[in-house]
Undergrad: 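Structure incoming, see below.
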Amino acid sequence: MTELIRGALPPECKYEASIVTNGYHLTERAVKVLCDCGVREAQVTIDGAERPHDLRRIPSNGEPTYERILHNIKSAVDDIGITIRVNVDADNSADLDGLLIDIDRMALAGKVGIYLAMVDDALGDDGHSSTRYLDAKAFSTVESLFYWSAIELGFDVGLFRGSEPGICSAIALGSAVIDPEGSLCKCWDEMGCSDKSYGTVDAPRFSSLNSSRWLRYVPGQEGKCHHCVYFPLCWGGCPREALEGRKDMCGPIKYNLDDKIDLLALQSAHSRETSAGGCP
C-alpha cells in the first residue's frame with residue numbers, strides 16, 4: 001500500500017503516516033516495518049492504570065496487557081514518535097496518578113506525549129451512560145488534576161491544540177474512514193454502521209446525504225456559540241454531535257480554562273528550568 005501511495009505522488013511530494021494502536025503488538029519488528037512504510041508517529045491507547053486497564057484489555061489468552069504495552073512503548077520511543085492517549089470514564093478516573101508513576105518508572109517522562117480522552121456513548125446504545133461516563137464538567141476536574149501531576153513529573157502535555165477551523169477531518173472533502181470491508185463513512189464513530197455509509201472504495205456515493213451533510217457543516221451554527229467566549233478554542237465542539245442534534249456540546253475547556261492557563265505557566269517554568277540545566 002505504501003509503495004502504491006508513493007508511486008501515485010509526484011516526486012516533489014513527501015509521504016508520511018501516523019497510526020492509532022493499542023500497543024500490544026508494537027514490537028521492535030513491527031516498529032521497523034512501520035518506519036519502512038513511512039509511519040512517523042503512533043498514538044497508543046491505554047485504559048487507565050494497571051488494574052482497570054487489564055480488566056478491559058483482555059486478549060484471547062487471558063494474560064494482562066498493561067505491562068507489555070508500556071514495555072513496547074519504551075522500546076519504540078527512540079524510533080517513532082509516541083503519544084499516549086488515556087481513555088477516561090467514571091470507572092477508571094480515580095487512580096490515574098498510578099499510571100503516571102508507572103510510565104515515569106519506565107523513564108518515559110519527557111520522551112512521550114500524553115493526554116486524556118473522555119469516553120462517551122457515541123451511538124447512544126450502551127445503557128450505562130448515567131453512571132459510567134463523565135460529563136464535560138466532571139471530566140474537566142479529572143483532566144486538570146492529571147495534567148498538574150504529569151507536568152510535575154516532567155511529561156510533555158498538550159494543553160491547547162490551537163485555533164483550527166478544520167476541527168475534525170470528517171468535514172474535509174478528501175477525508176474518509178474505510179472499514180475492513182471497504183465501506184466508506186465520514187466519522188470513526190460511524191464505522192460499521194451500514195446506515196451511515198456513503199458507498200464503498202470501489203463505488204463511492206459522494207452526493208449521498210451521508211457524505212454531503214458533513215461538507216455542509218458550519219462550525220457553531222447553533223446560535224449560542226456565536227456569542228460564547230470559548231468558541232475560538234472549541235469551534236462549537238464535535239461536528240457529529242451537532243449533526244445528530246445534541247444540544248449540550250460544550251467541552252471541558254469551558255470549565256477548566258483558568259486551570260489550563262495556570263498549567264501552561266507551570267509547564268513553561270519547568271521547561272525553562274530544564275533548558276537551564278536544572279531539575280524539572
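Reckoned from all heavy atoms, side chains included, excluding hydrogens, waters and symmetry mates. Please read these numbers as outputs of a predicted model, since none were measured by experiment.
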Undergrad: Let me check something: any side-chain donor-acceptor pairs from residues 101-115 under 3.5 Å, sequence neighbours excluded? List them with distances.
TA:
unit_1: D102; atom_1: OD1; unit_2: R105; atom_2: NH2; d: 3.4
unit_1: D102; atom_1: OD2; unit_2: Y66; atom_2: OH; d: 2.7
unit_1: R105; atom_1: NH2; unit_2: E67; atom_2: OE2; d: 3.0
unit_1: Y115; atom_1: OH; unit_2: Q43; atom_2: OE1; d: 3.2

Undergrad: Any non-hydrogen side-chain atom of P59 less than 4.5 Å from a side-chain atom of Y24?
TA: yes
Undergrad: Check which hydrophobic residues are tied to V177 through side-chain heavy-atom contacts below 4.5 Å, counting indirect links as well, and list them.
TA: V20, W188, M191
Undergrad: For residues 169-182, which residue pairs pass the salt bridge (charged side-chain N to carboxylate O under 4.0 Å, His left out) check, not counting sequence neighbours?
TA: none
Undergrad: If you measure from CD on E241 to CG on L243, what distance do you get to the nearest 0.5 Å?
TA: 10.5 Å
Undergrad: Does K186 reach the main-chain N or O of I171 with its side chain, forming a donor-acceptor pair under 3.5 Å?
TA: no
Undergrad: May I have the step-by-step check of side-chain contact (heavy atoms from CB on, under 4.5 Å) for M118 and E143, ending in yes or no?
TA: CA-CA 9 Å; M118 185 170 66; E143 186 181 43; over 6 Å; no
Undergrad: Look up atom CD1 in I84 and atom CG in N87, then write down how far apart they are to the nearest 0.5 Å.
TA: 12.0 Å
Undergrad: Would you say V229 ends up clustered with I253 if hydrophobic residues are merged whenever their side chains have heavy atoms under 4.5 Å apart, either directly or through other cluster members?
TA: yes
Undergrad: Can you name the nearest heavy-atom pair linking S197 to S183, along with the distance?
TA: OG-OG, 2.9 Å
Undergrad: If you define the side chain from C-beta out and look only at heavy atoms, does anything of D259 sit under 4.5 Å from Y147?
TA: no
Undergrad: By ring-ring contact (aromatic ring centres under 6.0 Å, His included), which residues pair with F231, not counting sequence neighbours?
TA: W235
Undergrad: Can you name the closest pair of heavy atoms from Y15 and C37 and give their distance?
TA: CE2-O, 3.5 Å
Undergrad: Can you run down the salt bridge (charged side-chain N to carboxylate O under 4.0 Å, His left out) pairs that involve residues 11-27, sequence neighbours left out, and say none if there aren't any?
TA: K14-E16
Undergrad: Give me the other members of the hydrophobic cluster that L209 sits in, counting Ile, Leu, Val, Met, Phe, Trp and Tyr linked by side-chain heavy atoms under 4.5 Å, directly or via other members.
TA: none
Undergrad: Got E41 and T83 here, is their nearest side-chain heavy-atom distance under 4.5 Å?
TA: no
Undergrad: What is the minimum heavy-atom distance between G98 and A49, and which atoms define it?
TA: C-CB, 4.5 Å
Undergrad: Drop me the distance from I46's CD1 to L96's CG, to the nearest 0.5 angstrom.
TA: 11.0 Å
Undergrad: Backbone N or O of D195 within a donor-acceptor pair of the N210 side chain at under 3.5 Å?
TA: yes
Undergrad: With a 4.5 Å heavy-atom cut-off, do L34 and L26 have their side chains touching?
TA: yes
Undergrad: Minimum heavy-atom separation for D189 to C193, with atom names?
TA: O-SG, 4.5 Å
Undergrad: Can you name the closest pair of heavy atoms from F139 and P252 and give their distance?
TA: CD2-CG, 3.4 Å
Undergrad: Do L257 and L233 have side chains that approach each other closer than 4.5 Å (heavy atoms only, starting at C-beta)?
TA: yes
Undergrad: Can you tell me if R40 uses its side chain to pair, donor with acceptor, with the backbone of C35 under 3.5 Å?
TA: yes
Undergrad: Tell me the salt bridge (charged side-chain N to carboxylate O under 4.0 Å, His left out) pairs involving residues 204-214, sequence neighbours left out?
TA: E190-R213, R213-E244
Undergrad: Just how far is it from atom OG of S149 to atom CG of L153, taken to the nearest 0.5 Å?
TA: 7.0 Å
Undergrad: Please report the interatomic distance CG(D95) to NE2(H53), rounded to the nearest 0.5 Å.
TA: 14.0 Å
Undergrad: So, for A136 and C250, which heavy atoms are closest and what is the spacing to 0.1 Å?
TA: CB-O, 3.4 Å
Undergrad: Under a single-linkage rule joining Ile, Leu, Val, Met, Phe, Trp and Tyr whose side-chain heavy atoms are separated by less than 4.5 Å, which residues share a cluster with Y255?
TA: none
Undergrad: Hey, what else clusters with L184 if you join Ile, Leu, Val, Met, Phe, Trp, Tyr whenever side-chain heavy atoms sit under 4.5 Å?
TA: I178, Y198, V201, F206
Undergrad: Can you measure from OG (S93) to CZ (F146) and round to the nearest 0.5 angstrom?
TA: 12.0 Å
Undergrad: Does anything in residues 42-51 form a salt bridge (charged side-chain N to carboxylate O under 4.0 Å, His left out)? List the pairs, not counting sequence neighbours.
TA: D47-R57
Undergrad: For N92, give me all partners under side chain to side chain donor-acceptor pair (under 3.5 Å), at least two apart in sequence or on another chain.
TA: none
Undergrad: Any sub-3.5 Å donor-acceptor pair from Q267's side-chain atoms to V157's backbone N or O?
TA: yes
Undergrad: Excluding sequence neighbours, so at least two apart, what forms side chain to side chain donor-acceptor pair (under 3.5 Å) with S140?
TA: none
Undergrad: Would you say that K254 contacts K137 through its side chain, given a criterion of any heavy-atom pair below 4.5 Å between the two side chains?
TA: no
Undergrad: Is L116 reachable from I261 through a run of I, L, V, M, F, W or Y residues, each pair having side-chain heavy atoms under 4.5 Å apart?
TA: yes
Undergrad: Within the distance-only criterion (no hydrogens, no angle test), does the side chain of D89 pair as donor or acceptor with the backbone N or O of V119 below 3.5 angstrom?
TA: no
Undergrad: Looking only at atom types and distance, does a side-chain atom of D54 sit under 3.5 Å from a main-chain N or O of T65, one as donor and one as acceptor?
TA: yes
Undergrad: As a quick check of understanding, evaluate side-chain contact (heavy atoms from CB on, under 4.5 Å) for E152 and L266, giving each step before the final call.
TA: CA-CA 8 Å; E152 289 287 4; L266 176 66; 4.1 Å; yes
